[in-house]
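Everything below concerns the one structure shown next.
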Amino acid sequence: MRKIALPQAGLETLYGAHDANLKHIESLLNVRLRTQGDELIVEGDKAAEQRVEEIFSQLTSLIEDGYVFRNGDVKTAASLVVRNPGVDLRDYFARGGQKQPEGTKRRVNPKSVNQRKYLETIENNDIVFGVGPAGTGKTYLAMAQAVSYLMAKKVSRIILARPAVEAGEKLGFLPGDLQEKVNPYLRPLYDALYDMMDTERANKLVERGTIEVAPIAFMRGRTLNDAFVILDEAQNTTSEQMKMFLTRLGFGSKAVVTGDITQIDLPNPKASGLIEALKIVREIEGIGIVYFDDTDVVRHRLVQQIVKAYDAMTGSKHD
């Protein structure tokens with residue numbers, strides 16, 4: 001048994017509503033946790049008790065430094081410590097300080113080792129590929145970086161692109177004008193944008209052209225200077241589309257390409273421009289590639305289990 005003293009001011013945050021955070025840690029480490037005033041009593045094997053103490057020691061240190069935890073942060077912190085002994089939570093929660101970029105709705109912290117690597121890779125490279133299953137934060141984190149860069153005036157615009165419907169972009173059978181045809185397929189990009197920024201402000205930036213959301217076909221013939229460009233669902237680009245996109249990059253720009261090579265909708269999956277590009281550009285200096293897996297899934301816990309089950313059945317691996 002081990003007793004851990006905790007700061008009185010931070011108890012409610014650390015324990016969570018109805019002790020939800022404590023229950024999460026109990027399930028992670030197979031320990032029993034009891035509260036006694038401002039003390040936490042831990043019962044389990046010695047290694048697990050020590051890990052619990054490490055979790056709360058680092059959380060207490062962050063609270064003392066003025067970090068304000070949000071819903072889910074404590075569970076994320078506990079999972080990080082359990083998966084990565086010796087991890088410093090400051091690298092995740094105090095990354096670049098706690099300051100929320102002006103004009104944004106939320107502060108975005110990496111929730112796994114690969115997510116942290118991804119953000120660092122985007123900072124240090126002009127072209128970055130983020131490859132992995134749904135729910136790993138590939139597009140969300142790229143969008144957070146894009147908005148942060150725009151608000152800090154590191155770029156003058158954001159361009160968000162996706163293959164529309166399928167690689168051939170056969171939209172003719174859909175009703176409405178071109179915008180009405182492609183909007184449903186660009187909706188996930190708008191959703192991520194609205195999660196980062198106030199809807200009214202985002203819409204004004206879209207109207208001005210400061211933020212552009214468009215099918216990848218709209219990139220042809222352009223040179224994109226001083227922009228943060230995101231290509232989402234890149235596994236559904238053809239070889240020609242991918243080459244076209246990668247050669248649009250102009251001065252002062254960054255490009256992030258995201259995709260899941262297990263979810264290719266092309267008639268010939270082997271023709272995916274993403275798979276080809278990963279082989280062709282992997283040795284080029286200034287291009288970063290980050291692979292995600294089921295341990296990086298940050299959606300509902302069942303999503304992580306579903307991804308793992310599908311991977312086990314298909315034996316899918318990253319080339």
Side-chain angles (χ1 to χ4, degrees), residues 4 6-7 9-31 33 35 40 42 51-85 87-101 104-120 130 132-145 147-148 188 191-198 292-308:
I4 303 171
L6 298 173
L11 287 181
E12 187 177 341
T13 298
L14 292 176
Y15 292 169
H18 308 295
D19 292 343
N21 294 336
L22 300 185
K23 291 170 186 173
H24 179 71
I25 293 169
E26 283 181 327
S27 66
L28 282 176
L29 290 165
N30 194 27
V31 294
L33 302 179
T35 60
L40 185 65
V42 189
R51 196 64 62 82
V52 173
E53 187 166 28
E54 183 184 345
I55 290 168
F56 283 98
S57 172
Q58 292 206 50
L59 290 173
T60 298
S61 180
L62 283 167
I63 288 175
E64 288 172 348
D65 286 348
Y67 185 89
V68 179
F69 285 98
R70 297 172 300 161
N71 187 34
D73 279 353
V74 172
K75 290 181 181 179
T76 296
S79 298
L80 283 167
V81 172
V82 170
R83 288 180 195 152
N84 312 285
V87 70
D88 186 347
L89 292 179
R90 291 176 189 279
D91 292 338
Y92 293 82
F93 294 95
R95 178 181 172 273
Q98 179 185 345
K99 188 177 178 183
Q100 182 173 317
T104 63
K105 285 166 63 174
R106 62 183 69 244
R107 185 183 71 245
V108 176
N109 296 319
K111 299 186 187 312
S112 71
V113 171
N114 283 332
Q115 286 196 356
R116 180 186 166 208
K117 180 182 176 185
Y118 185 51
L119 291 173
E120 290 174 348
T136 49
K138 305 181 300 295
T139 304
Y140 193 84
L141 290 173
M143 185 72 77
Q145 287 290 78
V147 171
S148 177
D191 289 343
L193 176 63
Y194 294 148
D195 206 38
M196 298 291 160
M197 302 181 71
D198 177 74
F292 297 87
D293 56 36
D294 61 90
T295 62
D296 301 301
V297 173
V298 291
R299 291 181 183 169
H300 192 287
R301 64 178 181 82
L302 288 178
V303 175
Q304 191 175 70
Q305 298 302 314
I306 290 166
V307 170
K308 193 179 292 184

Exercise for review: Mind checking the OH-CD1 spacing from Tyr15 to Ile25? Nearest 0.5 Å is all I need.
Suggested key: 10.5 Å
Exercise for review: Specify the closest pair of heavy atoms between Arg90 and Leu62, including all atoms of both residues, with the distance to one decimal.
Suggested key: CG-CD2, 4.0 Å
Point to revise | Minimum-distance pair of heavy atoms, taken over all atoms of Ile55 and Val82 | key: CD1-CG2, 4.4 Å
Check your understanding: Heavy-atom distance under 4.5 Å between the side chains of Thr136 and Asn114, does that happen here?
Key -> no
Check your understanding: Looking at side-chain heavy atoms only, is the closest gap between Leu80 and Phe93 below 4.5 Å?
Key -> yes
Exercise for review: Please confirm whether the backbone N or O of Tyr67 pairs with a side-chain atom of Asp65, one donor and one acceptor, at under 3.5 Å?
Suggested key: no
Check your understanding: Given side chains that start at C-beta, do those of Ser148 and Met196 come closer than 4.5 Å, heavy atoms only?
Key -> no
**Study point:** Interatomic distance, Leu89 atom CG to Asn109 atom CG [nearest 0.5 angstrom]
**Key:** 10.5 Å
Review point. How would you list, by chain and number, every residue that makes a side chain to side chain donor-acceptor pair (under 3.5 Å) with Glu64, sequence neighbours excluded?
Key: none
Point to revise | Contacts of Thr13 that satisfy side chain to side chain donor-acceptor pair (under 3.5 Å) - sequence neighbours left out | key: none
Review point. If you look at every heavy atom in Gln115 and Gly137, which pair is closest and at what distance?
Key: NE2-CA, 4.1 Å
Review point. Is there a donor-acceptor pair closer than 3.5 Å between any side-chain N or O of Glu54 and the backbone N or O of Val81?
Key: no
Review point. Are any side-chain N or O atoms of Gln58 and backbone N or O atoms of Asp88, one a donor and one an acceptor, separated by less than 3.5 Å?
Key: no
Study note, to complete from the structure: Here the gap from Asp73 atom CG to Tyr92 atom OH, rounded to the nearest 0.5 Å, amounts to 14.0 Å
Revision key, fill the gap. Rounding to 0.5 Å, atoms OG1 (Thr76) and CZ (Arg70) come to a distance of 9.0 Å
Exercise for review: Return yes if some donor-acceptor pair links the side-chain N/O of Lys111 with the main-chain N/O of Ala77 below 3.5 Å, else return no.
Suggested key: no
**Study point:** Shortest non-hydrogen contact from His24 toward Ser79
**Key:** NE2-OG, 3.3 Å
Review point. Side-chain donor-acceptor pair under 3.5 Å between Ser112 and Arg83, yes or no?
Key: no
Exercise for review: Would you sort out whether Leu193 and Met143 count as a side-chain contact (heavy atoms from CB on, under 4.5 Å), showing the intermediate values?
Suggested key: CA-CA 7 Å; Leu193 176 63; Met143 185 72 77; 4.3 Å; yes
Practice item. Pick out which of Asp19, Thr35, Ile63 makes a side chain to side chain contact (heavy atoms under 4.5 Å, CB included) with Leu14. Key: Ile63
Check your understanding: Counting N and O atoms only, with roles assigned by atom type, does the side chain of Lys138 sit under 3.5 Å from a partner on the main chain of Gly132, one being a donor and the other an acceptor?
Key -> yes
Review point. Where the side chain of Thr60 meets the backbone of Phe56, is there a donor-acceptor pair that is under 3.5 Å apart?
Key: yes
Exercise for review: Could you tell me whether a side-chain N or O of Gln145 sits under 3.5 Å from a main-chain N or O of Leu141, the two making a donor and an acceptor?
Suggested key: no
Review point. Applying the side chain to side chain contact (heavy atoms under 4.5 Å, CB included) test to Phe292, which of Asp294, Thr295, Asp296 qualifies?
Key: Asp296
